Structures are given as C-alpha cells and as structure tokens.
Enquirer: 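Okay, here's the structure, questions in a sec.
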Amino acid sequence: MSKASSITGWLEGLRAGDEVTAQRLWEEYFHRLVLMARARIAGRPTGPKGSDDVALSALDSFCRAAEAGRFPKLSDRDDLWQVLMMLTARKAIDAVRRESALQRGGGQLVREGPFFETIVGIEPTPSFAAEVAEQFRLLLDRLGDDELRQIAMWKLEGFTNPEIAGKIDKSLATVERKLQLIRRKWEADSADRE
Amino acid sequence: MPDRMLVGLTLSLTAAERHDRICDRFEAGWKEANPPRIEELLAEVPESERPSLFVALLRVELDRRRETPPNPEEYRDRFPAFADLVDTLFHNPAELPTCAGPVVDTEIEPPVIDGYEVTGMLGRGGMGVVFRARHVGLDRPAAIKMVSAGALSRPEQLVRFHLEARAVAGLSHPNVVALHDFGQVQGMPYFVMELVEGGSLADRLNGAPAAPAWSAGVVSQLARAVQHVHKRDIIHRDLKPANILLTQDDTPKITDFGLAKRIVGDDPRLTRTRSVLGTACYMSPEQARGNAKAVGPACDIYALGGILYECLTGRPPFRADSYELTIVQVLTEDPVRPSDLVFGLPIDLEAICLKCLEKDPAQRYSTAGELADDLDRFRDGQPVYARTPHVLERHAKWARKIGYDLGDLRGATRWFFTYLAHQQNINRTVRLKLSIGAVGTPAHAALKRQAEAMAGLDHPNVIRLYDYGEQFGQPYLVLEYLEGGESLSRRLRAQEPANGMSAEQQGTSGNESVNEGANDSTDETSHAPMPARAAAKLGVMLAIGLQAIHEHGILHCGLQTGDVVLTRDGTPKIGNFAAARRFDGVGDASGLKPEWVLPHYQSPEVVDEDWARLGKYSDIYALGAILYDLLAGAPPFAAPTLAETRDKVRRERPPAPTGAAPDLDAVVLKCLEKDPMRRYRSAGEVALALQLFLKPPQPGSSDSTSGSDRTVVPDGVPAPDPAISYRLRVVVGPARVGDSFEIPRRRIMMGRSKECDVVLPGKHVSRVQCGVIWNEGGWHEILDYGARNPTFVNAERVIGRRQLFPGDQIRFVNYALLFERLPRVAG
C-alpha cells in the first residue's frame, strides 16, 4: 500500500508539511465515503426510524457540502470525522479480533499492526462505509441532546468553530467545550462497549 | 505552567456534563447582561473540580469581554488559588484561541536585539516568552526566549534561566534544540534558539494514541539525546510531550531545560523548591517524594517511559483530578497497562514502557542508551531486554538439552546473545552465541553467515569457531573462550599500558570479555597512549591475523578494538565476524549492519555504506585506525555524535598519531588514506612495514651468505630453530601461513619472470607467475611480481638474498605474506 493511500499516509503527509496533498486526498476519500454511506442508509429496508432519518439527512448535507467544496479540515484539532473513523475502525478491528479468536479457539491475538492503515484504504470499501454510516447513526443517537447533535453535524459538515459559534450565538469557548464533550461522549460510548 | 492535561480532561463524563450546564447558564446570563459571578458557580461543584470549571468559565467570560479586554491582575486578585491558570489563559495563545495571529504581549515588548528581527510570538511558559524571529544577516529563522517581567521579580527564576542557558550551551545533539546565542537586552536576559516549526509532541498527540512503530522511533531518538545530556552531567527533570518539539520531518527535539540540574554542584536551594518541579503526570516517584538527593538520571528515564506511554495510549501514565491526587497515584499505583487502553499494542513495547515506569529507579533501564537500544531492538522485530528474564530461562533450558551449562550472559546485541557456557562432555568452557530469533529469521541468517565466514579459519591470531548448529530451532555458534583474556578496548581503557605488553605479566586480569557490537561508549574513547614499539608489535600480529582472514576469502568489515581479544599473554585474536562477508559477497548490502560498528574505526567506504566499494583495503583502514588508537590514545576521529564522527571520517585528515616516530606514523596514515587505492594493498604489507619500523634493515646483513637460516625474524614470533630444516613457503591460494614447500628443483624455471609451476605438497599445483630470479652465482631474489611496484623494495629489503642449494628447505616464519598477491597477477 503506497504511502499516500491510507489515512495514516495522509496524516503523515500532513506532518511532513504536504498539507495540500493530504487535504486533497482526504477530500476525495471523504466524498466517496459519504456517498457510499448515504447509499447504505437510504437502501436499508424500512425499520424503526427516527435516527435513520436524522442520519440520512445529515449525510445528505455532508454530500451537499462536499459538492459545494466545503470539506472538513484534516488539520483541525477538533475534527470529529477523525474520531468517527477511528471509532469505526476500532470496531471493525474488534470484529476481526473476535473472528480470529473464535477461529483459533480464543487463542492469542495477531501481532500488532497498523490496523487503521489496512482497514482504511484510499478507496473506501462498501463495508467500511456501511460501518461508518452505522456508527454515525449510533453516535448521533447517543449524544442525547439536540444542541450537541446539531453542533456535531455542523462540525462534520466542515463548518469552523467560529462559524458554529455564530450559528448558535454562543461564545467560541462554548463551542470548543461542547465539541470536547461530544468527543468524550463518543469515546466513552466506545469504551463502554469494549 | 499548569499542564493542560490536568485541566478539563480530568473530569468524569458526568462532571463534564455538569460543568457544561453550568457554563451554559453562565453564558445565558451574559446574554442577558446579568451573568452570575464565577465565584458563586464554582461553589456548586466539589473542590477538586473547581480548577477545570474555573478555566471553562473564565474562557467564556474572556470571550464575552473581548471588546474591553480585562486585566489579568483583576482575576489574579479575585482567584489567588488559580493565579497560575489566570496567567496561562491570558497569555498562552494555545489556551486562548480568540487571539488569532501573532500575539503581542502587553507585559513584554518584543525585544530589540541586534541582528534579529522579531516577527511574532510563539508561546509563553511559566517564566518566559518565546518569540519567533529571524536572523537578518543569515536569513535564518530563530526562536528568542525572554524572561517575563513577572519572573524577573523572582530571583530564583532568573537563576534558572541562566542555568538553562548554561545547560543547553554545552549540548550539541540533533535531538536537542540548539542554543545559538545568549545575552541581555535592557537588563533582561534572552537566548536565541533553533526554531522548530512542527509544534510539540503534546500538540501532535492531542490525546490520541500514535502508531507504535512511530512512537518507538521517536522515543528511541529522545533516549539517545537524553543519554547525550546525561553524559554531560545534566538531568532534564521535566521531560514531557509539551517539551518535545517536532520538526517538519518529525525529528523530535528536546527543549525547555528550565528545570535542568547539574548532577553535582547546583545550588541545592534551587532543587528543593516545591513549585511544580516537573509536571506531576510525568514525574518520577523519587521526584514526587520531593527528595532532591534521590533524583538522578533515572527520573529522565522514567519520564521517557511516560512519554512513550502517552504516545501509545494518548494519555499520561497517571492523571488524577488534582496535582496532589496525581502525586499520590505516582507514588502508590501501578500504571494501567497500555494494552488495556489501546487494543493491539505490541507486548514488547509495553514491556519497555513499563520497565521505564518502575517505581524503583534500580528496576528501570540503567541508562537512556540502554532504553534506546531496547527500542531499536523492538523496531528490528527482535525480543527486547525488558523481557529477557524469559529469554534467559529459555536459553538455559535449551542449552542443557544440547549438553551445555549456560553461564553468564557476556553480551547482548540486537541480534545475538553471547554466553559463557560449559560443555559438559569434554569439560571445556566455550562462548556460546545464540541468535535472537529462530531458524529462518534475519538474526539466524546473520549467525550462519558468521559461521560460514569463520569455518576453517584456523590461525593463532583469530578466534576459533568450534561448532555451528541449529538445535530445537535455535541456531548457535560455539566459539573459543580465552581464560583470562580481555578485549583490547577494555584493556586499553582499564589500565595504564605502561610498558606495552605488560599485560603478559598480569595473567590474572579476569575473564575474557569481548565487546561485541558497538557498545563501546564514544565518550570513553581516550586512554593513555601505548609506547610505539609495543603498539607496532601488537599491530604486526593483528596484521598477520587479518592477512589470514583475507587469505581465507573473508573481509572482516567491522574491525574495532572491541573485537580484538588479548589472551593472557598479550597475543591479540580477532573475533566477532558479525559483519564479515566473503569477497564474492561484496556489494551485497544485506550482511553488514552499520550500526554494529563504531564509525571511529571504519573507512569512508564503510561509513558511507558503499558496499560495492568494500575491499581488503577497508579492513586495512580499520587496522590503521586501531593502531592509531593504540598510539595516540584515541581513534583518529571522534565527535560527540556518531553522525558527526562519520562526517569527520569522510572529510578530515587525522594528525600524525605520535609525532615522535615519523616512520610509524607514515605507516598508520597510509592505512588511513581516504582513497582506498593509496592504502596498503594487503595486511601483509602492513605487517612488513611495521617490521621495518621495529627492525630496520641493517646494511650488509641482507647480503649474508652464512646459510639458509638467515631470515629476518620479527619480534614476537619464535625465531627459526637452526636445528631443523627450513622450507621456503610460498603461499598460494588456499594455503596459509605456516604451510611450507620444498623448493622444487626441477620445476622452477629459473630466469627472469618466467612462468613456473609451484608445487605445494599436499595441496595442488598452481600455475602462477612469480618473480623468482636466478642469478649467475646461484642467488635467488624472491620478489613480488613487477619491479615497478613499491613492494619490490620491501621484498628485496626484507627477504634479502640468499643462496639456495638444490634441496634446501627454508622456512620463513612470517614472510609468506609477501606472496599472497602472486596468484592475482595476470599472465
């Protein structure tokens, strides 16, 4: 897998100062991922709705934002996409782990490895996109507060913190605090599961 | 400066939610122009949560008061308990995102310093402000650190500032932020440092784990730098991710020596100050206990473990809601295993990390260099020392199965473990060298290559290989053990070599110990020089051993003083063929690991890892460097870092090693020529040149006709016994020093440079062209081929002339070397 063909690669590119390339690769990836995730949710047989609708409309707006050229910034310290994808990847790893543990009678784990790299290729796989969509739905659900949910979605749409502060007419400090809270809730949820 | 990790992230999720609601209420109050007072809101939460709530509230308030910025004094007065936090929030741009772009501090004017143009502010710490600047003349970016006015009022801070400058000034390491300049402007001290643009490690991690391999690489570099710092008797004492800067290409650099301490001799008052000496999260237990006496280099090793922990898990090893609670954890609790926090972490890396974080300093790595070595072992995919207790047990068990009792571990490098072992059935002591890694691993391949190189190599100046095998999946070498032997490097540095070979009389100098691998410390390279004649004698024997190695078809490729064992009687034996390769393997980069060998003794072509250019002359260079070391008391080139040493090897010319013995100096310097073609072409030539120094040819003696036993006998080897018959030995091809042959009366075609057959009894018939010249009077001059060649002179001088009678049998004790090049001469 070439250097630029993974999230790790982009992040490395970013560190190496190749910000433009990394951002472009991310945008390309992001757009495809969102389209795929959206198709996945839209294609689900009807079921208990609510959160699906919210997720679907959110993914819709991500698509629109991307088409309008507004992408989340990879270099953003508060970026929620990185959290979302990390959580999804971790979940996928869990699945792999369970599977291999079963196969080998619950024996040892495979050696370490940059799982993230192997799971997230430059081409988002349909199954990963599906996982992202599912994870996204779950995470939105678990925020439990409309304001947090709204901030999360704006953030995921690529709005900057000051822009979000303007939208909710609150201070930047508050937006940052809320983003931190969102992050913590998401991470706490994932920790609970494990 | 309070650690950001301590603030905000230390709360439980429920507490964070509670704070969020309080802040929302606070902000709603601001909108209605009737905000509650911060003091009242703080009272709603337990004491331990107040600092983080205070930060959250103050940030909202500062955002709201942006139009009319308040004075920090006001808040410091209102909240004396949080004065530090107020300072940070007001002045640290990272904590105040509303201040976009360069912040010009109200307290500190950008300094006006000759030659520098200040272009902005980079950050602010507890005692200083850092500006971004540019050296106008050099057009080089730089960072200028100033003491803040507040700090000026505290003399102790000022002293610290000076100490920091002094500590950093003595350091020169690629992983330490360099100090360019130090001075005062308007009574305020400043220093100019290298500007590192990539942000701190704390910013990079930002609470998330990094890749294990990346983390190991970064911490390994840091550990090497810390080793460098410790060597200069400085302890950093405040290593943490925020004090590690990253360059654009991810090279970590240690900064902020504000708490650094000389290991001896500092004003004790400065070290006893309670004011957050070291950040609690990374503070070693001995620091946390406040026992200044117990704080040594081990606390930096602990902190490196803390940094590794945070790289791996995204959080420091200990983090409680308050400074005091964190201290309690540091003192009493074991850190949560990193693999419990992050799935899939390599166990070895975790073991390294936890070994650094041992509460008892004695249980940690004893030096930062050892930590770096272990991390590098991990990066190479080799088992690490942190887990060796298991390895040792396993090896001992394994050895019993194949008939050896395992003794002490004598050397552990990245790829090999070397033990003393007792071979039960024949009751002898040997060295047992095991590859780390089973059959099929790179370490196994390396061990096997070594065995192949040594197989059949039997020479008094070379360590002998007894056996090689692979039993129960474990490859091993059995090597000669020399009771009472000692490595040359150790001998040189351990004692005054007062009269050279005095070691002969010191048979009790302990057991053999060979420094395999580049474990020689670069800082301990100097020692007392050895007298010229003693060094030359040692050199002759080394050259002869090297010659034998070359005749065996092998290049040693890593010769250094650590690889030479001196037997109890002072005879050198060349060992450690870890980097050796066959002549036909030259150009193959897989065999040699350059980090195994110190660049101090290696030729430019080895230092450049230019494998295609390797040759015997590369070993001859190393031989010259060892001689240089013996004579001058230090190798030809040595610099604080290996990289700098390599650079010197490439570019600089060494001064004459002795100055007092020009003939000997010339020999050594010829070995050390940068251009391989200008060096001696065989180790034999070096031996001869050294012989000439030891025993210059005496006029007349070479024309002696007194008989067949007239040979120039080098010192240090037994003189030929006139009572036995001698044979002229011509070494051809696989024959070795010590072989002999009878002058084949009929088969040597006498005449000028005629082709002739040389018969080696018991060997084979080789067709060579050799310079055996027959004179009218029955004189034979035994010359190297090609009269224009400088060896001609040596040959003539050393071998001299002698009358040979049919059937004469002449033994040349050492001069067989001369003929070594004969087979290569084209027809």
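Order of the sequence lines sets the chain letters (A, B, ...), proteins ahead of strands, with each chain counted from 1. In this text, all values refer to a predicted model and were calculated from it rather than measured experimentally.
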Enquirer: State the CD1-CD distance between A:I168 and B:E27, to the nearest 0.5 angstrom.
Expert: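 Rounded to the nearest 0.5 Å, the CD1-CD separation comes to 7.5 Å.
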Enquirer: Is B:E17 in contact with chain A via its backbone, its side chain, both, or neither, using a 4.5 Å heavy-atom distance?
Expert: both
Enquirer: With distance as the sole test, does B:D63 use its side chain to make a donor-acceptor pair with the main-chain N or O of A:A173 at under 3.5 Å?
Expert: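 Flag set: sc B:D63 to bb A:A173 pair under 3.5 Å.
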Enquirer: Check whether A:D169 gets within reach of chain B through its side chain, its backbone, both or neither, counting any heavy atom under 4.5 Å.
Expert: both
Enquirer: Do B:D24 and A:K178 make a side-chain contact, defined as non-hydrogen atoms from C-beta onward lying under 4.5 Å apart?
Expert: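 Counting from C-beta outward, B:D24 and A:K178 do come under 4.5 Å.
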Enquirer: Might you confirm whether atom CZ of B:R78 has over 12 heavy atoms from other residues, nucleotides or ligands at distances under 6.0 Å?
Expert: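 Yes, enclosed.
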Enquirer: So B:R59 and A:R177, do their side chains get closer than 4.5 Å, heavy atoms only?
Expert: no
